[in-house]
Number of protein chains: 2
Amino acid sequence: MNDGRAPGGQALLFLTDEQLRKGIEAMFFAYRGFTADPDRILDERGYGRAHHRAVHFISRTSGTTVNNLLSILGVTKQSLNRVLRTLIEDGLVESRVGKRDKRERNLFLTDAGEELERALSDAQRERMKAAYREAGPEAVQGFRAVLEAMMDPELRRRFNRLKDDVS
Amino acid sequence: MNDGRAPGGQALLFLTDEQLRKGIEAMFFAYRGFTADPDRILDERGYGRAHHRAVHFISRTSGTTVNNLLSILGVTKQSLNRVLRTLIEDGLVESRVGKRDKRERNLFLTDAGEELERALSDAQRERMKAAYREAGPEAVQGFRAVLEAMMDPELRRRFNRLKDDVS
DNA sequence: CTTGGAAAGTCAACAAGGCTGACATAAAAT
DNA sequence: ATTTTATGTCAGCCTTGTTGACTTTCCAAG
């Protein structure tokens, strides 16, 4: 058929509706795969995706405040609080009163919390690693580039700030 | 230091936990962007994502049966039925008794249904198109390759079958 | 022709996880 | 002293997923 490359060797974009539609469906099916493994683990332990997200970002930015977590996750405080409360009750998350500002709560994973986080991210990383291996290194660059370009500008800034935080 | 290529010229993947974690977070934030525009449109009209998914795949594989739709969407028939019922009541979807097998229902979009589908997919395609443009043609190949590799095998087969159906 | 089973639909009940609104408290900021 | 901010909590609502039980329709095999 057509490999999307012009005679000169430079790849062209055939952004037909069909091409785009396939991209959309690929996103849909891939996201299912992306969440499938953690979902199984969460289910076993009586948690949901909301818990996963909280645990992930608390692990990622240890000591983060509730407000910061709220703006990363993009949910209401009531929604987050419900999840956070169960995690604290279950001893997976510790909430410490802020040092400088005592209104704030700094959130940390306990050892048990770290253990869950590791189980979840191990599973998800394995999936990601396998996909990266299959697709090849060039593909990984492209994958990341398109994903980043697809984010809302505000979230994109947040994403890049997160990237810099660690590593 | 190291450009990620082995002496032989073949690129290597440095799949550090950090690299993979960034990929995971990129998926998370990108999916939010991916659904943001349709979500707004759906909200205006009093529908949710479940309606979007149904409308999309009915448009995609017009005349599909309920059972087929169920296995694509991966939800229970009760869940799908609730969504389908409102779409039929609102005159967006038509359910015709099967010709060969009268137990089956073949699903079609009405004109109003097509209109909603177009509004939703126009918005989503625009986002996708902009991301593709920004990332460049090479990136698009990689994006698609990684997404496909990330799917569950069963869904991947389904995805590829869908691809062939149309186009 | 009867009957078993598949396809579809429906009812009821429940849970997770979003949402809004209202309100309480403590502490910082003005 | 007052206002604003950060957090937490209660109550109630919605969407969308689940299970289980049951009915209707109807194809197909005995």
Side-chain angles (χ1 to χ4, degrees), chain A residues 28 31-32 35-36 38-58 63-90 93-108, chain B residues 28 31-32 35-36 38-58 63-90 93-108:
Chain A
F28 173 66
Y31 202 76
R32 291 251 295 269
T35 55
D39 280 355
R40 264 188 293 275
I41 295 169
L42 290 160
D43 198 55
E44 285 167 13
R45 313 202 186 192
Y47 295 117
R49 256 182 229 180
H51 300 88
H52 183 185
R53 292 194 282 265
V55 162
H56 175 95
F57 285 108
I58 292 172
T64 187
T65 63
V66 173
N67 240 6
N68 186 39
L69 202 51
L70 280 177
S71 56
I72 288 173
L73 296 176
V75 297
T76 59
K77 64 172 178 173
Q78 294 92 329
S79 227
L80 176 59
N81 204 253
R82 182 167 35 198
V83 163
L84 225 39
R85 195 163 47 221
T86 71
L87 290 173
I88 292 169
E89 279 168 6
D90 294 355
V93 168
E94 196 191 343
S95 166
R96 296 184 207 147
V97 172
K99 283 225 155 166
R100 294 164 321 181
D101 187 334
K102 289 179 191 165
R103 289 170 305 180
E104 293 182 343
R105 298 289 180 276
N106 297 115
L107 303 169
F108 302 87
Chain B
F28 173 65
Y31 202 77
R32 291 252 294 270
T35 56
D39 280 354
R40 265 188 292 276
I41 295 169
L42 290 160
D43 197 55
E44 284 166 15
R45 313 203 185 190
Y47 295 116
R49 256 182 227 180
H51 300 89
H52 184 186
R53 291 194 283 265
V55 162
H56 175 94
F57 284 107
I58 292 172
T64 186
T65 63
V66 172
N67 239 11
N68 186 39
L69 203 50
L70 279 177
S71 56
I72 287 172
L73 296 177
V75 297
T76 58
K77 63 174 177 173
Q78 293 91 329
S79 218
L80 175 59
N81 204 255
R82 182 167 35 198
V83 163
L84 228 38
R85 194 164 48 221
T86 71
L87 290 172
I88 292 169
E89 279 168 7
D90 295 354
V93 167
E94 197 192 343
S95 167
R96 295 185 207 148
V97 172
K99 283 228 155 164
R100 296 166 319 183
D101 186 335
K102 290 178 192 166
R103 288 167 303 180
E104 292 183 345
R105 300 289 181 276
N106 297 113
L107 302 170
F108 302 88

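So you know, we letter chains A, B, ... as the sequences are listed, proteins then strands, and number each from 1. Excluded from the calculations below are hydrogen atoms, water molecules and symmetry mates; all remaining heavy atoms, backbone and side chain alike, are included.
With sequence neighbours excluded, the residues that form a salt bridge (charged side-chain N to carboxylate O under 4.0 Å, His left out) with B:Arg45 are B:Glu115. By the salt bridge (charged side-chain N to carboxylate O under 4.0 Å, His left out) test, B:Asp90 is found to be paired with no residue, residues two or more places apart in sequence or in another chain being considered.
Expressed to the nearest 0.5 Å, how far NZ of B:Lys102 lies from CZ of B:Arg100 amounts to 13.5 Å. Going from atom CD of B:Glu44 over to atom CZ of B:Arg40 covers 9.0 Å, rounded to the nearest 0.5 Å.
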Residues 72-89 of chain B side chain polar contacts: donor-acceptor under 3.5 Å, at least two apart:
from, atom 1, to, atom 2, distance (Å)
B:Thr76, OG1, B:Ser79, N, 3.3
B:Thr86, OG1, B:His51, NE2, 3.2
B:Thr86, OG1, B:Val83, O, 2.9

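Following rounding to the nearest Å, A:Arg85 (CZ) and D:dG8 (C1') show an atom-to-atom distance of 8 Å.
When side chains are defined from C-beta on, B:Leu70 counts as touching B:Asn67, because their heavy atoms get closer than 4.5 Å. Side-chain atoms of A:Thr65 and A:Asn106, non-hydrogen and from C-beta on, do get closer than 4.5 Å to each other.
DNA chain C is contacted by both B:Glu104 and A:Asp101; B:Glu104 maps to the nucleotide lying nearer its 5′ end (nearest heavy atom per residue).
Listed by first and then second residue, the salt bridge (charged side-chain N to carboxylate O under 4.0 Å, His left out) pairs involving residues 46-57 of chain B are B:Asp39-B:Arg49 (not counting sequence neighbours).
Note on A:Asn67: a side-chain N or O is less than 4.0 Å away from OP1 or OP2 of D:dT7.
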For each nucleotide in nucleotides 16-25 of chain D, reading 5' to 3', give B when a protein heavy atom comes within less than 4.0 Å of its base, S when such contact involves only the sugar-phosphate, and - otherwise.
BBBBBB---B

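On the nucleic acid side, DNA chain C has its first and last nucleotide under 4.0 Å of a heavy atom of chain B at C:dG5 to C:dC11, going 5' to 3'.
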